[in-house]
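Down below is the structure, laid out as structure tokens.
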Amino acid sequence: MAKIEGAGDITPKPPNSVVPPTDASVERVTQNVSSISKKINENTSIEEKSEKAIPQTAMEINVCKETPAAMAMVVYQPPRSLFLKQGENENTKSLEEEKLLLDIAAAERQYLNTYKALHTGGRETSESGLVLSVLTGVNFERPLLEEIREVLSEHFDLSATPIQSFTLLTKPERRNRVIRITLKNTETSIIFKESHAVASIPSSPPSEKDIADSYSRFTRDCVGLEFTSLLVTESPLCPKYYGGSSEYRFVLMQDLGKHVSLVDSLVLGTSETAAEASLQRFMICLGRFHAASYEKTKEYQAMLHDINPSTNQNNTEELIQNKIIGLKSICDSFDIPWTNAIEQEAMTALQESVNPEGPFCSLLHNDACPDNTFDVPDQLVLIDFEWASIGSALLDATYPRMNIPSGWCAGAIPEETLLAIENAYRDELKKQIPAATIDTAYDTAYTQACACHILSYTVSLIKEGLEEDFMWGAPDLGWTPTIRPRVLSHLQAFINISERTSSLPAFKSMTISLLEKLKKEWPEAKSLELYPAFTKN
């Protein structure tokens, strides 16, 4: 296992966050200097900017202790040479430069006033620590930047190829900050991914539990990426892992370029053939991932325990009981008889799916959604291991069958296509997992995994759907399914698979009754539509 910087300190630390400039004048200045910023990035390294510009232009902002993070604002002054026209010398200040510097000064004042008004009530207190670049929209603590450099120096000669630029790839409200780091004098770039704590109570600072949950999410992501990078397979299963820091909660990985995922084929694509090919790559990748991690899960758990011992201390029995109670509550509300057979089948399905000694036990991605992939030419890899866990591989494998239960990009896939990609997945599993070659064992585990999705996701959606059929999708992509169609599709998918495998008959009878009740409760609701790729000619 490659060393994670700061791994000895396992105490979750509050995230450093700064509200980016929102005032129109600051945004306008940012736009005005963007072209000059591009020239700077082409000709000046980050190290040169930091060393030369900070002493000249740093403006420290004092904020109260209650704010998310104290900060200092820095605007990088572009090199004089960018403004000088032919015949001018260093003692000449062009009108273009004069105007830019005035605009930058105005932006500094405006940001200062906006920040203090939003977060301090105008009070002046302690000094800050963050560095903000109006030109790039990226802020870093100086120690964080040094930590990044230290990790990268294990793979790159930063004296010959210093950091040239940062490009922010995520929106401020996202729970992860993703930045592209470009190295000078090379075409190489690296992805920096930093985990932030998200407050569970709106308009409140993150609680200790929120911070601990964020740290667990980071450690699973970091270790999941490293562990998967080390698996020996025919082709890579994930981006290359460069390293990370548990103190600053970031991971550095290979940059695969523009994010093209399975979503592009299913939701945005117009070719059924292309969508089928992408789904095939997806299921083959999952199959290789599970086959390669089979009988290696203890290694993963040891790596995770090294940096976060508490991650493996979940009360599995309590979680299982809560899921059973949730389903019983739904049945009671619809007057569906609850029997010992239903409870026993539900309990067995949950226990077998999380059994660390089960016949299909492997490392699970546990959020195997189309957007958590990178579909590069002729190859698909997995990203975002934040919810990785140990359990039955078929919990991941049933995602297409169960309409992507944990993701916004839910949709239906033609049965013929489902059967083809499921066979491709199983073929990969057979290479390493003996139980995958036995039809009865495979069918039983597959049906149990589908039942787990009903217990883990559908029950919660039913409770929410009884109050409101809200949209859970991506309106900007034109994909706007609501939650009631998801529920109907989940239930019908389980019924179909249970009938095919002759497994979990009591659970199936309960599901049939529940589906009938919900169709009466929601007369306008229809099952999920096919993905656009399967409906366009």
Side-chain angles (χ1 to χ4, degrees), residues 1-9 16 33-58 71-84 90 128-169 177-194 218 222 225-226 229-230 236 238-258 307:
M1 171 183 176
K3 182 178 181 295
I4 297 179
E5 296 298 323
D9 183 2
N16 291 306
V33 300
S34 62
S35 61
I36 295 175
S37 173
K38 182 178 179 181
K39 293 180 181 178
I40 296 172
N41 288 336
E42 291 173 351
N43 297 284
T44 313
S45 72
I46 286 292
E47 288 86 346
E48 292 170 328
K49 292 177 196 174
S50 299
E51 292 172 1
K52 296 179 181 179
I54 288 177
Q56 301 171 20
T57 62
M71 59 165 284
M73 182 170 181
V74 172
V75 179
Y76 297 128
Q77 288 187 357
R80 293 294 314 280
S81 59
L82 293 179
F83 297 99
L84 297 179
E90 286 294 325
S128 90
L130 280 185
V131 174
L132 170 73
S133 166
V134 166
L135 297 183
T136 65
V138 175
N139 57 69
F140 280 122
E141 283 184 329
R142 291 177 194 255
L144 170 57
L145 183 57
E146 289 306 311
E147 189 90 347
I148 293 170
R149 285 176 49 82
E150 184 174 344
V151 175
L152 288 180
S153 65
E154 297 180 8
H155 304 274
F156 306 97
D157 180 3
L158 295 186
S159 63
T161 57
I163 296 174
Q164 175 172 290
S165 66
F166 297 125
T167 304
L168 185 64
L169 302 179
R177 181 169 65 154
V178 179
I179 294 169
R180 172 174 287 119
I181 300 175
T182 305
L183 302 182
K184 193 175 182 181
N185 303 323
T186 177
E187 296 181 356
T188 301
S189 56
I190 297 95
I191 293 297
F192 164 95
K193 182 180 178 183
E194 178 185 43
F218 154 72
C222 188
L225 179 66
E226 180 182 12
S229 292
L230 296 174
C238 65
K240 182 179 179 180
Y241 171 82
Y242 289 121
S245 167
S246 62
E247 179 177 359
Y248 292 97
R249 291 184 299 178
F250 71 77
V251 60
L252 298 173
M253 69 190 86
Q254 175 187 10
D255 183 6
L256 297 176
K258 180 182 178 182
I307 62 171

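Values below: every heavy atom of this structure, side chains too, minus hydrogens, waters and symmetry copies.
The CG atom of L225 sits 9.5 Å away from atom CG of L230, with the distance rounded to the nearest 0.5 Å. Here the OG atom belonging to S245 is positioned 9.0 Å from the CZ atom belonging to F192, to the nearest 0.5 angstrom. Atoms CD1 and CG, from I191 and L252 in turn, are 10.0 Å apart once rounded to the nearest 0.5 Å. Between Y242 atom OH and I148 atom CD1 the span is 14.5 Å, to the nearest 0.5 Å. Rounded to the nearest 0.5 angstrom, F156 CZ and I163 CD1 are separated by 10.5 Å. Remark: Q254 CD to Y241 OH distance equals 14.5 Å, nearest 0.5 Å.
The side-chain hydrogen bond (donor to acceptor under 3.5 Å, both in side chains) search around T186 returns T188, not counting sequence neighbours. Shown here are the side-chain hydrogen bond (donor to acceptor under 3.5 Å, both in side chains) partners of S189, two or more places apart in sequence or in another chain: D255. Every residue two or more places apart in sequence or in another chain that forms a side chain to side chain contact (heavy atoms under 4.5 Å, CB included) with P236 is listed here: Q379.
Annotation: side chain of I190 is not in contact with side chain of H155 (no heavy-atom distance under 4.5 Å). Using a 4.5 Å heavy-atom cutoff, the side chains of I179 and T167 are not in contact.
Taking both residues in full, the closest heavy atoms of L158 and S153 are given as CD1-N, 4.2 Å, listed atom of the first, atom of the second, then distance. Heavy atoms only, all atoms of each residue included: F218 and S246 are closest at CE2-CA, 3.6 Å. Pairing each heavy atom of C222 with each of G244, the nearest pair is SG-CA, 4.5 Å. Residue R180 comes nearest to K258 through the heavy atom pair NH2-N, 4.3 Å, listed as atom of the first residue, atom of the second, then distance.
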